[in-house]
Each structure stands twice: as C-alpha cells, then as structure tokens.
Amino acid sequence: MQFSRFCLPLSFQVLSLGADVLPEYMLQTPRMDKFTILHYSPFKAVWDWLILLLVIYTAILTPYSAAFLLNDSEEQKRRQCGYSCSPLNLVDLMVDIMFIIDILINFRTTYVNLNEEVVSHPGKIAIHYFKGWFLIDIVAAIPFDLLIFGSGSDDTTILIGLLKTARLLRLVRVARKLDRYSEYGAAVLMLLMCIFALIAHWLACIWYAIGNVEKPYLEHKIGWLDNLEVSLGKRCNSTEHCSGPSIKDKYVTALYFTFSSLTSVGFGNVSPNTNSEKIFSICVMLIGSLMYASIFGNVSAIIQRLYSGTARYHMQMLRVKEFIRFHQIPNPLRQRLEEYFQHSWTYTNGIDLNMVRLRHHSLGFPNWGF
C-alpha cells in the first residue's frame with residue numbers, strides 16, 4: 001500500500017486551486033501511458049482510504065481470529081463444509097485479494113523524486129517500489145490460511161494463527177503517515193485513544209492465548225480460564241467441548257483484564273495465577289505506564305497549545321499597562337491605548353503582519369493584498 005502525499009479533499013481541490021498555491025509538479029503534465037496512475041489523483045486517494053479501512057479491519061480481526069477462532073471446532077467445521085462455510089473466511093479472502101490488487105496498483109503509480117519531479121516511467125516506478133514497501137506488502141498479502149488449508153493438525157492451526165499476524169506489518173506504513181495530523185490537537189487525542197484501545201485488544205488476545213495454551217497442562221486448575229468457568233458456572237467438560245464459557249465471555253473478560261491492568265485500576269476479580277500469566281501481567285503494566293506517559297504528555301501539550309494564545313494576550317496586555325504606568329499616561333489616552341490593543345489583537349490574533357509581509361516577499365510570492 002502506497003499512500004499518496006495528499007489526502008482526498010486536496011485531490012478534489014486540485015482543479016479549483018490557483019497556480020500560486022499548488023506544488024510545481026502538480027502544475028506540470030507528466031508524460032505517461034494510459035495505465036499509469038498519478039499518485040495525487042482522486043482515484044488513488046479513494047483507493048488509499050479504502051486500503052486504510054482494510055488495514056484497520058485487519059488490525060482488529062486478525063489477532064482476534066488467530067487467538068479465539070482458530071480452535072479445534074472451527075477447524076473441524078471448515079474441513080466438513082469447505083473454505084466458504086464461514087462469512088469471516090470469505091471476508092479475509094477478499095481482503096487478501098484487495099491487498100494483492102493494491103500491490104499491482106503500486107507498480108503503476110507515479111511518485112515524486114528528490115528533485116520534486118513526477119516519475120512516471122514504469123521501470124523506475126517498479127525499482128522504487130521494490131526498494132521500498134514491496135516486501136512488507138507481499139508478506140502481508142499472502143493468504144497463509146488458504147495455502148495451508150487441508151491439513152488439520154493442531155500444529156498447522158497454530159502456524160496459521162501465527163502467519164496471519166503478518167498482515168499487521170501494513171500498520172508500519174500507516175504509522176508513518178500519522179505525522180500529518182500532529183498539528184491538530186483533537187485528532188492527536190482521538191488517535192491516542194484509538195491506539196490505546198487497539199493495544200488493549202491485542203493484549204487481550206495474547207492473554208487468552210496464554211491461558212488457552214496452559215490450560216491442558218495445569219495439574220491444578222488455577223488458570224484464569226478455569227476461574228472464569230467456575231465464576232460463570234460453566235465448568236468445561238472433557239467430552240463436550242462447547243459446555244464451557246462462550247467466546248464472547250472469554251473475550252470480554254480478557255479485554256476487561258487488559259484495560260484494568262493498563263489503567264492500573266484492577267479490581268482483582270480477574271487475576272493472574274500461573275507464572276506465565278504473572279509475567280505477562282508485569283509486561284502489561286509496563287506498557288500501560290509508557291502509554292500513560294505518552295497520552296498525558298500529549299494532552300498537556302494540546303492544552304498548552306490551546307491556551308498559548310490567551311497567555312500571549314495577557315502578557316502583551318501586561319506590557320501595555322506597564323508602559324502606561326511608567327510614562328504616567330492620562331486616563332483618556334490610556335483607555336484609547338487599551339482599546340486599540342484589544343482591537344488590534346482581535347484583528348490580527350497576535351500575528352505581526354509586518355514580519356509576515358517581509359517573509360512573504362523574501363520568498364518571491366506575489367502580493368496577496370495585505
């Protein structure tokens with residue numbers, strides 16, 4: 001997946017912007033064949049947003065499917081009724097197909113080189129893509145469950161679950177595109193909350209996988225899954241697999257534990273008992289402390305940015321009052337000075353127009369009338 005340098009609104013505004021606002025390469029008409037796609041075209045912008053939604057779907061469903069759905073009963077049902085017995089499997093297959101199509105599109109999508117020139121030659125595009133994100137994209141697009149389908153051993157089931165997590169490699173590309181939203185405080189805060197929830201979801205899947213792997217080998221039934229069966233009154237029977245807690249009960253309980261551990265407000269009703277569970281809980285607490293520091297640090301920066309204008313206004317007003325007090329300016333003139341400062345600040349929002357005008361002309365831009 002190769003995101004264009006401009007998001008969807010800008011792609012549609014290209015036709016309405018003037019020549020003094022657009023980048024130079026967008027004003028040129030590159031020579032290219034009919035199968036080449038401009039990286040800032042509306043089609044590429046829409047396609048990038050579609051791939052982004054599929055990546056988000058992958059980030060949520062892939063760990064959940066690998067941890068909760070790839071069990072013995074699921075594999076038996078797939079062997080009996082075929083690969084298309086589950087709608088989720090069909091969706092996964094469609095996602096893999098879309099990722100493969102995205103690879104083909106990236107081989108025909110232009111890019112901007114270091115000289116700010118649009119490169120449309122197919123050979124150069126292919127070399128640039130091979131040197132960039134091709135390896136990650138091709139690994140994330142391989143349908144491992146379809147390739148290994150047919151062998152029903154437990155080792156194969158575990159292998160499918162591990163290999164499907166390779167799709168998460170596409171998140172690396174998404175993470176590199178998030179800097180463009182760093183100037184928007186609300187967007188950063190919402191993004192941090194989504195990342196927090198996504199990490200809690202991943203850790204919940206790992207928490208369940210640890211309990212599920214350890215469960216058959218525990219001499220004393222002290223794992224968190226055993227305690228969940230007792231608390232819900234759904235003690236699992238060795239001869240009847242589905243008599244235990246449902247997948248919904250297990251996931252909600254695992255997600256509750258990870259959220260309570262990340263936020264350090266655990267109530268102890270879901271607690272680690274085995275050594276593996278305790279080690280994982282320690283790691284979750286460490287991750288939670290780092291996320292707390294990151295979130296609160298960004299929140300503090302956002303609040304400071306919101307009130308920076310007000311602080312500058314009061315500082316400038318204090319200087320005006322000190323000037324009036326030092327020069328003993330009479331009341332009528334003092335009132336006029338304060339009103340002028342308030343009006344000027346309302347009009348310019350504290351921006352020095354003279355400095356902006358000098359900087360504007362030094363860069364060689366035309367006069368915009370200020």
Side-chain angles (χ1 to χ4, degrees), residues 1-4 7-8 11 32-71 74-111 122 125-152 156-177 198 201-202 205:
M1 179 183 61
Q2 181 180 356
F3 286 96
S4 59
C7 57
L8 181 60
S11 299
M32 58 185 187
D33 54 53
K34 59 181 179 180
F35 297 108
T36 303
I37 303 172
L38 285 173
H39 66 280
Y40 54 86
S41 63
F43 167 77
K44 191 61 171 63
V46 173
W47 179 260
D48 286 343
W49 279 106
L50 177 61
I51 295 298
L52 176 60
L53 294 178
L54 294 180
V55 171
I56 295 174
Y57 166 84
T58 299
I60 296 174
L61 265 295
T62 297
Y64 176 81
S65 176
F68 288 90
L69 300 183
L70 291 180
N71 49 45
E74 183 71 16
E75 289 299 311
Q76 291 175 3
K77 186 171 65 173
R78 287 176 63 180
R79 286 195 297 268
Q80 291 174 0
C81 60
Y83 187 80
S84 60
C85 65
S86 174
L88 186 60
N89 296 332
L90 288 177
V91 174
D92 288 342
L93 181 60
M94 293 178 61
V95 170
D96 291 331
I97 294 174
M98 294 293 288
F99 284 167
I100 294 174
I101 295 175
D102 181 62
I103 293 176
L104 300 178
I105 290 179
N106 285 330
F107 273 114
R108 306 297 300 179
T109 302
T110 62
Y111 69 95
I125 293 175
I127 295 174
H128 179 265
Y129 186 45
F130 272 121
K131 292 181 178 180
W133 298 101
F134 173 75
L135 182 60
I136 291 180
D137 289 348
I138 195 65
V139 172
I142 297 176
F144 293 104
D145 49 351
L146 182 60
L147 296 178
I148 309 178
F149 177 75
S151 58
T156 302
T157 301
I158 298 175
L159 181 62
I160 291 175
L162 294 176
L163 292 177
K164 287 183 69 174
T165 56
R167 290 180 174 181
L168 300 180
L169 291 173
R170 280 183 169 262
L171 287 174
V172 179
R173 303 196 62 179
V174 177
R176 295 194 58 176
K177 301 298 178 180
L198 184 61
H201 168 74
W202 290 349
C205 296

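We count residues from 1, following the sequence as given.
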Thr109 side chain to His39 side chain, donor-acceptor N/O pair below 3.5 angstrom: no
Flag side-chain contact, heavy atom, 4.5 Å: Ile105 against Lys44: yes
Parallel, tilted or perpendicular: rings of Tyr111 and His128 (30°, 60°): parallel
Straight-line distance of Ile138 CD1 to Trp133 CH2, nearest 0.5 Å: 15.5 Å
Approximate separation, where rounding is to 0.5 Å, of Ile101 CD1 and Ile51 CD1: 8.5 Å
Asp102 side chain vs Met98 backbone, donor-acceptor pair below 3.5 Å: no
Heavy-atom pair of closest approach, residues Ile125 and Asn106: CG2-O, 3.7 Å
Aromatic ring pairing Phe68/Tyr64, orientation class (parallel under 30°, perpendicular over 60°, tilted between): parallel
Residue pair Phe99 / Val55, side-chain heavy-atom distance below 4.5 Å: yes
pair Ile60-His201: side-chain heavy atoms closer than 4.5 Å: yes
Over all atoms of both residues, closest heavy-atom pair of Ala141 and Ile103: CB-CD1, 4.0 Å
Closest heavy-atom pair and its distance - Cys205, Ala67: O-CB, 3.5 Å
Between CG on residue Asp48 and CG on residue Leu52, distance to nearest 0.5 Å: 8.5 Å
Residue pair Val91 / Tyr57, side-chain heavy-atom distance below 4.5 Å: yes
Whether Tyr129 and Phe107 hold their rings parallel, tilted or perpendicular, with breakpoints at 30° and 60°: perpendicular
Main-chain N/O of Ala59 paired with Trp202 side-chain donor or acceptor, under 3.5 Å: yes
